[in-house]
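Right, one structure below, let's go through it.
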2 protein chains.
Amino acid sequence: MPDDTWKIPEIAVAVDLAIFTVRNGTFQIMLVERGIEPYLGMRALPGGFLNNSREAVDAAAIRELAEETGLDTDQLHLEQLRTYGEPNRDPRQRVVTVCYLAFVPGLSAPTAGGDARTADWAAVNNVLEPRTRLAFDHKTIVEDAVERARSKLEYTTLAAAFCGPEFTVTELREVYETVWGEDLDPRNFHRKVTGIEDFLVPTGAQTTRQGGRPAALYRRGPAHLLHPAMLRPPKPKPADRTC
Amino acid sequence: MPDDTWKIPEIAVAVDLAIFTVRNGTFQIMLVERGIEPYLGMRALPGGFLNNSREAVDAAAIRELAEETGLDTDQLHLEQLRTYGEPNRDPRQRVVTVCYLAFVPGLSAPTAGGDARTADWAAVNNVLEPRTRLAFDHKTIVEDAVERARSKLEYTTLAAAFCGPEFTVTELREVYETVWGEDLDPRNFHRKVTGIEDFLVPTGAQTTRQGGRPAALYRRGPAHLLHPAMLRPPKPKPADRTC
DNA sequence: CCAAAAGTGTTGACGTTACACCCATGT
DNA sequence: ACATGGGTGTAACGTCAACACTTTTGG
């Protein structure tokens, strides 16, 4: 720590949220359209500055999440992703932003913004396209957030956070397939996921909403970590080893 | 983003470093003794405020790492851990700190502080003791950092970052055993680690520094991720399932 | 009866564990 | 010769991918 004689630079601290959902068989992220300069009219991650100099950074993220989704934040998954602190990432002034990752169920209101900004879901695959541009460094942030979200499904039970309170094994599998963009074997997936202790709690009820034989309904169990992990099927990339 | 009429709170941004090494069969972390209030005389993580309002947060972390270790930071592993932003974590003023994790080889200078503060290595196991107190919320940060470091060894090749430029399989195994506090089977470890492509590159040379049959020397290979992962042996905890 | 989706059984490939065993050096 | 640590072989076990097969509904 520097001694007290020298001046500490004071900096604006923001939080930004990468809020993901799975709806209509698509992996989606919430984006807002900017109503002010800079980047007027361009899409950006929802977020904002700390409300006042007493607000905790985590608390600001929870507040923003509640504002954007209108949901009970106790029920949602929210974790810190990373802090972005390049000096010129905001042209107005120096801003350091602490980014968070949130998972919300697919049945959430289509555009639930609590304030005046137009917030809407966007398909992650479209946002990741090279031609898509977002405000500030938010494109980079989205790339990081997507990779984090995808790998989180491998070793945690968070896939269930995209489902409603009760769901079938097939609905859970479709979450994995949608987020990863990979098909999984329904039989092996069923066996694996029902075999993990404390992951899925059977409700006893059944549903036939998918046609065919009725499927058992489950609720989220108390487990948070997946053991053993659910591995992404390795993409057959010829002549490119990422080992 | 709030509209421009309302005042954005400006906050001091710091970086703190959890610099780990493995020396003398002990997992160690660098701590400094504070020379000023608050927490005068108490130990804390090395770190400091941004040098000026133009310095990137990552750049500040690299600068601090160089100051503390005196080593070439290009050769060291440095990654962001988490940002801590509770409002009263520093009694003087509002400080948000971005924390980083660094791994340095065990042969580094015993106390390499570039500036006047007394920096020294401390055994992680001692620091984690319930009675050990650190300045600010640094005890919590160390707990998070240790857990991150331990799990990083599972699925990355970073264990080799604790070794010198050339090392034996046994030295690498001792890194794992030291960081995890678990014994590993030398025979299986050897087979596994030498079988992973691009992890270890044989130099052709041998050493006899451990006594007994000479051991082959290796250099770090280009691989960064471990596939399949190196799993921590499950601790036999009776009546406590963390699944 | 047929289509469709749910769920079970089986098999071979592969990775891990535990441990017997051999190899190469210093004293 | 013998102690010490380096390194290989091997069998039992568990997990996983692939896929045949049975079950239960709607039309």
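Nothing here was measured: the structure is a model prediction, and the numbers come from that model. Residue numbers begin at 1 in each chain, while the letters A, B, ... track the order of the sequences.
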ring-ring contact (aromatic ring centres under 6.0 Å, His included) between A/Tyr176 and A/Phe189, worked out: CA-CA 10 Å; A/Tyr176 277 94; A/Phe189 182 86; 5.5 Å; yes
Between P of D/dT15 and CG of A/Leu226, the distance in whole Å: 13 Å
Backbone of B/Ala160 reached by a side-chain donor or acceptor of B/Arg220 within 3.5 Å: yes
Those residues that, when tested against A/Glu79, pass salt bridge (charged side-chain N to carboxylate O under 4.0 Å, His left out) (two or more places apart): A/Arg148, A/Lys152
Contact pattern, 5' to 3', of nucleotides 4-11 of chain D - B, S or - by protein heavy atom under 4.0 Å: BBBBBBB-
Any B/Lys192 side-chain nitrogen or oxygen under 4.0 Å from OP1 or OP2 of C/dT16: yes
Value in whole Å for how far the C1' atom of C/dA18 lies from CG of B/Leu184: 14 Å
Under-4.0 Å salt bridge between B/Glu33 and B/Arg43: no
Nucleotide C/dT17, atom P - distance to CG of B/Asp183 in whole Å: 14 Å
Close side-chain approach of A/Leu45 and A/Leu31, heavy atoms under 4.5 Å: yes
Value in whole Å for how far the P atom of D/dA20 lies from CG of A/Asp185: 11 Å
A/Glu182 CD to D/dA17 P, straight-line distance once rounded to whole Å: 12 Å
Atom-pair distance (CZ on A/Phe189; P on C/dA5), nearest Å: 17 Å
B/Arg173: side chain to side chain donor-acceptor pair (under 3.5 Å) partners, not counting sequence neighbours: B/Glu177
